There are 2 protein chains.
Amino acid sequence: MTEKWTPASAADGVEQVLKILEGKWKLVILFHLFGGQVKRFSELEKAIPAITQKMLIQQLRQLEADGIVTRTIYHQVPPKVEYRLTEWGQELCPALDALLKWAENKA
Amino acid sequence: MTEKWTPASAADGVEQVLKILEGKWKLVILFHLFGGQVKRFSELEKAIPAITQKMLIQQLRQLEADGIVTRTIYHQVPPKVEYRLTEWGQELCPALDALLKWAENKA
DNA sequence: TAGGGTACTTACTAAGAAGTAAGTTTTTGA
DNA sequence: TCAAAAACTTACTTCTTAGTAAGTACCCTA
């Protein structure tokens with residue numbers, strides 16, 4: 001169970017994960033959606049005042065492409081689009097908690 | 001225990017951690033040192049063929065500054081410098097494992 | 001017919017991270 | 001006197017990411 005990893009392959013595996021999280025705004029977005037929260041585009045905009053629209057969709061689209069969030073479009077006028085985490089996305093929460101706890105342990 | 005975090009502060013906490021891990025070569029280096037391994041500069045160079053010397057020290061220095069690795073200098077000629085993880089650095093391993101396991105769970 | 005709300009696009013610029021290639025120091029051994 | 005080994009430095013270029021600022025489509029309401 002520890003034998004399947006070489007330093008290179010383990011590093012590579014973690015890097016795949018980091019690539020998913022690495023955008024400048026992805027974590028804030030994630031933490032706004034953890035716990036089953038559903039938010040529309042404009043709500044996220046308000047919740048994260050410093051973000052621009054360009055960055056917001058860019059990050060959302062990448063999270064969507066990576067299977068972390070889903071996008072639900074309501075064909076109304078004015079338009080309405082909702083974002084929420086996938087199951088898999090929700091499961092990220094405890095893993096990030098582990099990192100947070102590690103950081104708190106700094107001597 | 002979950003109340004001390006706002007989306008912004010939790011994201012910020014995780015970002016601090018990601019910043020430590022984010023260099024292009026840091027994870028490979030880390031995984032070469034996990035488990036109490038001690039390596040000298042030249043050994044890491046050989047273990048990670050694609051890395052340049054510039055990148056190798058740069059990443060090592062940053063890991064050192066962040067309290068993850070320690071550097072031991074032997075005043076010999078030719079010089080000898082050894083790198084190993086700090087206690088805190090070792091404790092990163094299970095947290096990274098959590099990420100790896102999460103990644104494996106992708107539906 | 002003009003304006004407003006929502007969710008985007010697009011073109012351009014600036015800042016940062018990484019890569020390339022070469023040079024530096026020190027002392028020992030041929 | 002010259003080369004060699006180990007651990008770095010330095011100057012310069014390129015590549016990626018983020019920021020700025022503006023524009024678009026849609027249809028409803030006044």
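Throughout, a chain's letter reflects where its sequence line sits, starting with A, and its residues are numbered from 1. The structure displayed is predicted, hence computed values, not measured ones.
A:W88 places a side-chain N or O within 3.5 Å of a backbone atom of B:W102 that can act as its donor or acceptor partner.
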Distances under 3.5 Å between protein N/O atoms and the N/O atoms of nucleotides 19-23 of chain C, please, pair by pair.
| from | atom 1 | to | atom 2 | distance (Å) |
| --- | --- | --- | --- | --- |
| C:dG19 | OP1 | B:K24 | NZ | 2.5 |
| C:dG19 | OP2 | B:W25 | NE1 | 3.1 |
| C:dG19 | N7 | B:K54 | NZ | 2.8 |
| C:dG19 | O6 | B:K54 | NZ | 2.6 |

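The CG atom of A:L21 sits 15 Å away from the P atom of D:dT17 (whole-angstrom rounding). Atom-to-atom, CD1 of A:I57 to P of D:dG19 comes out at 14 Å; the value is rounded to the nearest Å. Rounded to whole Å, atom P of D:dT9 lies 14 Å from atom CD of B:Q59. Between the C1' atom of C:dT26 and the NZ atom of B:K80 lies a distance of 17 Å, rounded to the nearest Å. Nucleotide C:dT27 holds its P atom 12 Å from the NE2 atom of B:H75, rounded to whole Å. In this structure, B:L56 places its CG atom 12 Å from C1' of D:dA6, rounding to the nearest Å. Across the protein-nucleic acid pair, A:E45 atom CD and C:dT9 atom C1' stand 14 Å apart, rounded to whole Å. B:E22 places its CD atom 12 Å from the C1' atom of C:dG16, with the value rounded to the nearest Å.
Residue B:Q58 has its side chain nearest to C:dA18 when only C:dT9, C:dT27, C:dA18 are considered. Of the candidate nucleotides C:dT6, C:dT9, D:dC26, D:dC26 has the atom lying nearest to any side-chain atom of A:V77.
Both the sub-6.0 Å distance and the 45° axial angle are not jointly satisfied by A:K39 relative to the ring of A:Y83.
At the phosphate of C:dA7, OP1 or OP2 sits under 4.0 Å from a side-chain N or O atom of A:R40. Residue B:R61 has no polar side-chain atom (N or O) positioned under 4.0 Å from OP1 or OP2 of D:dA7. Of the side-chain N and O atoms in B:S42, none sit less than 4.0 angstrom from OP1 or OP2 of D:dA5.
Among the atoms of the strands shown, none is found under 4.0 Å from any heavy atom of A:Y74.
A search for side-chain contact (heavy atoms from CB on, under 4.5 Å) contacts involving A:K54 returns A:T52, A:Q58, not counting sequence neighbours.
One finds a salt bridge joining A:E82 and A:R84 here, because a Lys/Arg side-chain nitrogen approaches an Asp/Glu carboxylate oxygen to under 4.0 Å. A:E104 has a carboxylate O that lies under 4.0 Å from a charged side-chain N of B:K4, or vice versa, which qualifies the two as a salt bridge.
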**Request:** Applying side chain to side chain contact (heavy atoms under 4.5 Å, CB included), run through B:V14 and A:L30 and close with a yes or a no.
**Result:** CA-CA 11 Å; B:V14 178; A:L30 241 50; over 6 Å; no

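Residue A:G36 comes nearest to A:Q90 through the heavy atom pair N-NE2, 3.0 Å, listed as atom of the first residue, atom of the second, then distance.
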